[in-house]
Protein chains: 2
Amino acid sequence: MSVIDFLFGRPLRSSEERTERLGAAAGIPVFGLDALSSAAYGPEAALTLLISLGAVGVSYIFPITISIVILLLIVYVSYRQTIEAYPQGGGSYTVAGENLGPFAGLLAATALMIDYVLTAAVGISAGVGALVSAIPKLQPHTLMLCLVILFLIMLVNLRGSRETGFVFMIPTYLFLGTLGTTIVVGMGKAIVSGGHPTPVEAPPTLPAAAAAVSLWLLLKAFASGCTAMTGVEAVSNGVTAFREPVVQTARRTLTTVITLLAIMLLGIAYLCRAYQIGAVEPGPGYQSVLSQLTAAVVGRNVFYLVTIGSVLLVLSFSANTAFADFPRLCRLIAQDGYLPVPLAERGRRLVYTWGITTLALLCAALLILFGGVTDRLIPLYAVGAFLAFTLSQAGMVGHWRRKGGSRLAISLNALGAFATAATVIIVTITKFLAGAWITTLLIPLIMILMFAIRRHYDRLRAQIAHPGALDLTEVRPPIVVMPMMAWTRVSRAGLQIAFNISSEIHVVHVSTEEGDKEFDDDWCKAVEGPLHGSGLPMPKLKVLKSPYRFVIGPIVDYVLALEEKNPGRQIAVIIPELVEKYWYHNFLHNQRATWLKAALLMKGTRRIVTINVPWYID
Amino acid sequence: MSVIDFLFGRPLRSSEERTERLGAAAGIPVFGLDALSSAAYGPEAALTLLISLGAVGVSYIFPITISIVILLLIVYVSYRQTIEAYPQGGGSYTVAGENLGPFAGLLAATALMIDYVLTAAVGISAGVGALVSAIPKLQPHTLMLCLVILFLIMLVNLRGSRETGFVFMIPTYLFLGTLGTTIVVGMGKAIVSGGHPTPVEAPPTLPAAAAAVSLWLLLKAFASGCTAMTGVEAVSNGVTAFREPVVQTARRTLTTVITLLAIMLLGIAYLCRAYQIGAVEPGPGYQSVLSQLTAAVVGRNVFYLVTIGSVLLVLSFSANTAFADFPRLCRLIAQDGYLPVPLAERGRRLVYTWGITTLALLCAALLILFGGVTDRLIPLYAVGAFLAFTLSQAGMVGHWRRKGGSRLAISLNALGAFATAATVIIVTITKFLAGAWITTLLIPLIMILMFAIRRHYDRLRAQIAHPGALDLTEVRPPIVVMPMMAWTRVSRAGLQIAFNISSEIHVVHVSTEEGDKEFDDDWCKAVEGPLHGSGLPMPKLKVLKSPYRFVIGPIVDYVLALEEKNPGRQIAVIIPELVEKYWYHNFLHNQRATWLKAALLMKGTRRIVTINVPWYID
């Protein structure tokens, strides 16, 4: 087994595609991890903005969460309809593009792409950040740990979707199980105690209110809490990865994910109010909301450790959703010609190798740029998701109107579009200065780039398409040009090929400081001699003087002049080349063949072709 | 004027070589700077070892310097003879190689090469070090300054020898003038005052003796002082760079350099004793010997500043000798096949571009490795110079015996060989632990590499030499293979060429997921259609199934199988290739052409050639 097979698994036949498909159980870790893991930071993000309100703030978390969950359900219903309408994979890009035009589609796609890169980087660094605060000794290796996890996630994804599902299943279900248990136990205790349970371990007391309640503050908290909804789009985008019946499996996955997420969000919000748990400012003594909550409900025992451990795992693996979806999105865009073609090709394991690698590189760049601490990126990434939601749902409205959908379907999607559009506005405004401006700047830049790529492909296609039939009126051997510095076995091999191809042969000898006499002698003896009386034409020997010791330039000039003098003729330049067994032996040669090829390619025309004659050295 | 012309000057014709030659006045800065600048650190190096002897130590500096100067004169006489015997450039490599065999020649060359790299790095960092101690603000930029100076020296040398001479003339003569004046004035004052002059500014008082005089200590001081002799070899190595009459000009240059160096060494030693000036331990309060000396003789006035300034310049420019000589040495070795051929080629300005660049890179690596502070390298570099001296003079003894030289000539060179051999032993032993062991380890490693290179060239020559005459018994068109993914103008151009070259054409279509139907239609209409009844042979269409979506592999396998089935036949693989105008457009394509070429080159045989058909995109 080769190293590559060991790392990435054996290559998969195209016909094995079906076996690589996912059921709902494996689909949740692959496409739902991003959404589910946001239960771990969404409530915390909202609570952080309420710190200044003290105990009053905590009482607001429940209504804020309810509005987020309502929004979530609207989006859910909307995407359920999308999955049915687009069983071939209906992400925002497809839906918005088909119904609102390519511009809207690309806008949605760009917003999502930015989001995925951010999610992956933030997820990994959040997981590592939590690990590092648990084991402070690892602090100096933060970046290294982030990159190692990134690399592992990339590797697992390059092996294929099914393997990804299995690898991520355990931490996902552990997370769901422990957090679910905590919520159920906590709710039970709260209900039994009439809404005021006694914590096993008391959370830090809430600070005194430092500010009055304002609409602006509540909006900001809502906008921050909305980060919990990122990743919801993933399932509908990846429909094709599901097992038959595709639509049912995908829908079941989406329903499960959304239900679980809604329960967790509501449960956490309810328990925060019941146990009076608020966010703590970062710094010494910091404790995450989930950590306070679990400690309050069950105390700091083994179960607590397992819960927190699974949170860490799920956070850093949430990057995986981005890895599952980003390449699929890129592929769709590349198929339409707005991104480089290689992004649309499936690799040896039937996954989109280039998309996965691109995401890993972008993500690594972000991690390195921020030294593995990407907290400051969080405000950047709800804008993209909600922009995509809005466009996708507006697209669905268009879809129903064209296809004649039911009034209910139209109004559901319209409601979704309206609600998410309002959220985009709220999120952009409240987070603009904190970083959303970067996203609003990046989106048009990336779109300009994508339109430029498409324009390039269009121009390219115009230049190579519609070739017409083969033209057989002038089948005629090319004029062959062969540079020769000395008479060796290599140049002999080249010259033999010249004779095989054509009877018009120009041998070009660049005269440098030494060895001209020897060359002349060799030429007479080895070439002219056997040709006399053979009936074969004599090659033209052209000696080029090179006072400046340049070799490539004179040869290229000669070839170009020859091409100009012979309109309509093909010129074939024979370039013999030593091929060394070991790459480092190349340092022993002056690489003239390589340079000559490059120069001819740069300055040449379509009528000038090069013939590479390899001479292998043992 | 192009950027390249501006930076490096216009290209020079080979016939302009004569005008690039140097007279004695310009020859001193080019080939003498290394030797002359050592007056600035040789005496200090010896005095540093005598610190522990206190005032007694200073009284020993004069006899030690006298023995160094005697050694210097022996070496001088010896090299004078070498210049006459080898007017075509007689460095230690040539002299030892021709007379004692290639092993001795390479040994001398290796020693010298190591020495040159060290000299260049140490010279530049010493100059910058002095500058930085004068302007402490520059301290954090030490490495950057070193690299900038290195880059400038490289640039000046790439422009050519004559330009180098002019650029370095001013600092060299300023250094000689000011230091000479100081010595003359100081000697005058000393003689007038009967050997006990009153210093204008008193040097720091000498420390009390902390050790007793021992032979070991004096030998160490002698060995350190011998660093003053490095660089003496340069003139005889560069004889060909001098103006006609070559031997006389080179000899005059050598005589001037040695005389000036001897005078400076003796003058400095005499004045050190007269003014009771010793070396000062590095650290706070450090002052170089030359600085103390100048201050004692003339005081700290403008003249003092000019003197010290010229010392700094000359020290950092002393690297230039290495740049003048290292490439010439490499060229000689490369011509004999012990170093890569490109090192023997002269660039656009008639200098050995690769040698200069190699030296700059090695030197930059050393500077970066040591952060611009290369003091620790000083002990490494007298061994090389004296080893080269010894071998060169032993070689001269052999030369005279073969050519029947006079008894005087033989004994002069024998004396030189003996004296320098003794010095090699002293230097190696006294400095072994301080770093000379690295040199003694590096020398055999580099020699092994050089012999390996020579062996490779020999094997290569055996494989390409004596080709015999052209074989015209079997002139026959090759079998043409052309991969075709779709019928476009690009593949049409490729197929036209195939028809021009041969009547046996195999078109290989790798069947991937889509587009097969379209391809079949196109093939029927555009290729088979016009060929019917044309009298031309129909190309074989071979469809390769690729269940794993590999494209390159199946094509290469097909070509290899075809080659095996047709022994004695040439296979030409036509590879059409899009040529984009801008390099970054290449990211838009999957580079299959490039990969296919690489794979064929790697797995192919001599009978498989590739034909590159460029298709230019506007």
Side-chain angles (χ1 to χ4, degrees), chain A residues 11 13-15 340-342 345-346 348 453 456 460 463-465 467-472 475-478 487-490 492-493 495-497 499-501 513 525-527 529-531 534 536 547-549 570 579 585 587-590 601 604 606 609-618, chain B residues 11 13-15 340-342 345-346 348 453 456 460 463-465 467-472 475-478 487-490 492-493 495-497 499-501 513 525-527 529-531 534 536 547-549 570 579 585 587-590 601 604 606 609-618:
Chain A
R13 290 174 170 270
S14 301
S15 54
V341 160
E345 280 163 15
R346 288 197 296 178
R348 15 180 298 135
I453 290 174
H456 185 80
L460 181 69
Q463 285 182 45
I464 68 169
L470 207 55
D471 175 14
L472 299 165
V475 171
R476 192 175 167 191
W487 180 246
T488 63
R489 291 190 205 194
V490 188
R492 180 168 172 262
L495 199 55
Q496 305 270 34
I497 287 169
F499 276 100
N500 286 345
I501 286 175
E513 293 158 73
K525 242 188 302 182
V527 182
L531 275 169
S534 70
L536 287 164
Y548 296 106
R549 300 166 306 286
Q570 207 88 46
V579 183
H585 283 161
F587 289 112
L588 298 176
H589 308 294
N590 49 26
L601 208 61
R606 280 180 196 159
V609 305
T610 54
I611 302 185
N612 236 51
V613 181
W615 183 271
Y616 294 89
I617 296 166
D618 300 328
Chain B
R13 289 173 170 270
S14 302
S15 53
V341 159
E345 280 164 15
R346 289 196 295 176
R348 17 181 295 135
I453 289 174
H456 185 81
L460 181 70
Q463 285 182 47
I464 68 168
L470 209 53
D471 176 14
L472 300 165
V475 172
R476 194 175 166 191
W487 179 247
T488 63
R489 293 190 203 193
V490 188
R492 179 169 174 262
L495 198 56
Q496 305 270 36
I497 287 170
F499 276 100
N500 286 345
I501 285 175
E513 294 156 75
K525 241 190 303 180
V527 181
L531 275 168
S534 71
L536 286 164
Y548 296 107
R549 300 166 307 287
Q570 207 86 46
V579 183
H585 283 161
F587 289 110
L588 298 176
H589 308 293
N590 49 26
L601 208 61
R606 281 181 195 159
V609 304
T610 54
I611 302 185
N612 236 52
V613 181
W615 183 274
Y616 295 88
I617 296 166
D618 300 329

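Order of the sequence lines fixes the chain letters, A, B, ..., with proteins taken first and strands second; residue numbering starts at 1 for each chain. Predicted, not measured: the structure shown is a model, and the values here were computed from it. Computed over heavy atoms, backbone and side chain alike; hydrogens, waters and symmetry mates excluded.
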Task: B:N500 (side chain) donor-acceptor with A:R476 (main chain) under 3.5 angstrom - done: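 Checking the backbone N and O of A:R476 against the side chain of B:N500, a donor-acceptor pair under 3.5 Å is found.
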
Task: Close side-chain approach of A:W615 to B:L460, heavy-atom, < 4.5 Å - done: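 A side-chain contact is absent here, since even the closest heavy-atom pair is not under 4.5 Å.
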
Task: Flag side-chain contact, heavy atom, 4.5 Å: B:V609 against A:P614 - done: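 Side-chain contact under 4.5 Å: yes.
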
Open item on the list: So, taking the atom named NE2 in A:H585 and the one named CD1 in B:I453, what distance separates them when rounded to the nearest 0.5 Å?
Closed with: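 That separation rounds to 9.0 Å.
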
Heavy-atom proximity to chain B below 4.5 Å, by part of [X]:
{"X": "A:A465", "value": "backbone"}
{"X": "A:V579", "value": "side chain"}
{"X": "A:Q570", "value": "side chain"}
{"X": "A:I464", "value": "both"}
{"X": "A:S534", "value": "side chain"}
{"X": "A:H589", "value": "both"}

Open item on the list: So for B:L536, is it side chain, backbone, both, or neither that comes closer than 4.5 Å to the heavy atoms of chain A?
Closed with: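 The side chain, not the backbone.
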
- [ ] Take B:F499 and A:D471, measure what side chain to side chain contact (heavy atoms under 4.5 Å, CB included) needs, and give me the verdict at the end.
- [x] CA-CA 10 Å; B:F499 276 100; A:D471 175 14; over 6 Å; no

Task: Max heavy-atom pair count under 4.5 Å with chain B, selected residue of A:I501, A:V490, A:L472 - done: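 Of A:I501, A:V490, A:L472, A:L472 has the most heavy-atom pairs under 4.5 Å with chain B.
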
Open item on the list: Looking only at heavy atoms and a cut-off of under 4.5 Å, which of A:P530, A:A469, A:P477, A:A493 has the most pairs with chain B?
Closed with: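 Between A:P530, A:A469, A:P477, A:A493, the count favours A:A469.
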
Task: Closest contact, heavy atoms only, B:I617 versus A:Q463 - done: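 Where B:I617 meets A:Q463 most closely, the heavy atoms are CA-OE1, 3.5 Å.
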
Task: Over all atoms of both residues, closest heavy-atom pair of A:G468 and B:W487 - done: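 That closest heavy-atom pairing would be O-NE1, 3.1 Å.
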
